[in-house]
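Inspection log for the structure reproduced underneath, given as structure tokens.
Below, chains carry the letters A, B, ... as their sequence lines are ordered, and counting in each starts from 1.
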Protein chains: 2
Amino acid sequence: MASGNSNFLSGVPELMILRLVQDQEMYGYEIVQAIQAQSRGQLSFGEGVVYPVLHGLEKDGALKSQRREVGGRSRVYYSLTSRGVRRLFDLTDSWTATTQAIQAVLKGGSALRTV
Amino acid sequence: MASGNSNFLSGVPELMILRLVQDQEMYGYEIVQAIQAQSRGQLSFGEGVVYPVLHGLEKDGALKSQRREVGGRSRVYYSLTSRGVRRLFDLTDSWTATTQAIQAVLKGGSALRTV
DNA sequence: ATGGATACCTTGTAGTCCAAGGCATGTAAA
DNA sequence: TTTACATGCCTTGGACTACAAGGTATCCAT
């Protein structure tokens, strides 16, 4: 049910996916639900968001995939490559820096009052 | 000079603008520089970003404008309407909730380990 | 046998940032 | 004087991205 992801989410799916796959290899459908669960329903990226990002990351060499049959189900498991690890670090840094910068502006002109 | 705003910025210009104009009425060109200054160069939204957002917000009734001549310069000053105040509050809440949700996922499956 | 969950996928649309350009005025340097 | 730069407004075109919607297929429970 959870939906209505109002904005502020550009680039976030990629970051979330890389982070989740860092802990353990996962498949697309699982990732969709993990994001909902771990964000307590706040975030909800549909399969139309997740699958294209997975394919893009694999194409860029940040993820590697492995198709596997589990209980009569065909799943595509993804895991991080060394390149993906680097990418995750970079994105995390970028995320931190960006949110801090935004916070600085939200807080007010403290940077100006330093005069 | 400052540029290279890598991602994570969808909807952020609108939030920044509303927040800045909350403190004092400002004009477009001034806003462009204020964002750079207050974020210490981390954020940099060009005029091609700021002006359309200003026009959109005014069209939505969140901002009201007033053209004024200052030192032979023609400036368009923007200030918040009551609707803009409401919008700023909503966006700020949304921003906070979203970043916290993202943080929760970044931190790890603590939500799952609660089992 | 019907529906729902699982599991993969693609298409089209809409929204947003952004670089690049264009116009006009003031001021300072050359 | 003319050249350049900062100020100040604006729009256009492209590119990216989230998202809804739809499509296929299997399994399980009703």
>> Rounded to whole Å, how long is the line connecting atom CZ of Arg67(A) with atom P of dC8(C)?
In response: 8 Å

>> Using a 3.5 Å distance criterion without hydrogens, assess whether the side chain of Ser39(B) forms a donor-acceptor pair with backbone atoms of Ala101(A).
In response: no

> So, is Tyr29(B) near the phosphate of dC9(D), with a side-chain N or O under 4.0 Å from OP1 or OP2?
Replying inline: no

> At under 4.0 Å, does any side-chain N or O of Gln33(A) touch on OP1 or OP2 of dA7(C)?
Replying inline: no

>> I want to check one thing: is the phosphate of dG8(D), taken as OP1 and OP2, less than 4.0 Å away from some side-chain N or O of Tyr27(B)?
In response: yes

>> Without decimals, in angstroms, what is the distance between Gln36(B) CD and dC18(C) C1'?
In response: 14 Å

> Do side-chain atoms of Ser74(B) reach the backbone of Glu69(B) as a donor and acceptor pair under 3.5 angstrom?
Replying inline: no

Protein N or O to nucleotides 10-12 of chain C N or O, pairs below 3.5 Å:
unit_1	atom_1	unit_2	atom_2	d
dT10(C)	OP2	His55(A)	ND1	3.4

>> Going by side chain to side chain donor-acceptor pair (under 3.5 Å), name the residues that satisfy it together with Tyr77(A), two or more places apart in sequence or in a different chain.
In response: Arg75(A)

>> Evaluate Leu106(B) against Trp95(A) for side chain to side chain contact (heavy atoms under 4.5 Å, CB included), listing each step before the verdict.
In response: CA-CA 11 Å; Leu106(B) 287 183; Trp95(A) 167 255; 3.7 Å; yes

> Rounded to whole angstrom units, what separation is found between the CD atom of Glu69(A) and the C1' atom of dC27(D)?
Replying inline: 13 Å

> Going through the distances and angles, do Phe45(A) and Leu9(A) end up as a side chain to side chain contact (heavy atoms under 4.5 Å, CB included)?
Replying inline: CA-CA 10 Å; Phe45(A) 300 114; Leu9(A) 294 176; 3.9 Å; yes

>> Just the rounded figure in Å: distance from C1' of dG8(D) to CD of Glu25(B).
In response: 16 Å

>> Holding to ring pair (Phe, Tyr, Trp, His ring centres under 6.0 Å), I want the full list of residues that pass it with Tyr51(A), two or more places apart in sequence or in another chain.
In response: none

>> Without decimals, in angstroms, what is the distance between Gln66(B) CD and dC9(D) P?
In response: 13 Å

>> Without decimals, in angstroms, what is the distance between Ile31(B) CD1 and dG8(D) P?
In response: 12 Å

> How long is the line joining CD1 of Ile17(A) and P of dT17(D), in whole Å?
Replying inline: 12 Å

> Restricting to pairs with a member in residues 79-105 of chain A, which pass salt bridge (charged side-chain N to carboxylate O under 4.0 Å, His left out), not counting sequence neighbours?
Replying inline: Glu14(A)-Arg87(A)

> Given axes from five pairs at either end, by how many degrees does the helix from dA1(C)-dT30(D) to dA30(C)-dT1(D) bend, rounded to 10°?
Replying inline: 0°

> Is the side chain of Thr81(B) donor-acceptor paired with the backbone N or O of Gly61(B) at a distance under 3.5 Å, no angle test?
Replying inline: yes

>> Just verifying a value: how many Å separate Leu91(B) CG and Asn7(A) CG, rounded to the nearest 0.5 Å?
In response: 8.0 Å

> Passes side chain to side chain contact (heavy atoms under 4.5 Å, CB included), Leu18(A) versus Leu63(A)? Steps please.
Replying inline: CA-CA 8 Å; Leu18(A) 288 170; Leu63(A) 293 180; 4.1 Å; yes

>> Categorize Glu14(A) for me: base, sugar-phosphate, or nothing, with a 4.0 angstrom heavy-atom threshold over every strand shown.
In response: nothing

Please produce a list of atom pairs where a protein N or O lies less than 3.5 Å from an N or O of nucleotides 25-29 of chain C.
unit_1	atom_1	unit_2	atom_2	d
dT25(C)	O2	Arg73(B)	NH1	2.4
dT25(C)	O2	Arg73(B)	NH2	3.3
dG26(C)	O4'	Arg73(B)	NH2	3.4

>> Tell me the closest heavy-atom pair linking Ala34(A) and Met26(A), and the distance in Å.
In response: CB-CE, 3.6 Å

>> Working to the nearest 0.5 angstrom, can you tell me the gap between Gln42(A) CD and Ile35(A) CD1?
In response: 13.5 Å

> Is there a side-chain polar atom (N or O) of Asn7(A) under 4.0 Å from OP1 or OP2 of dT16(C)?
Replying inline: yes

> Rounding to a whole Å, what distance do you find between Arg68(B):CZ and dC9(D):P?
Replying inline: 12 Å

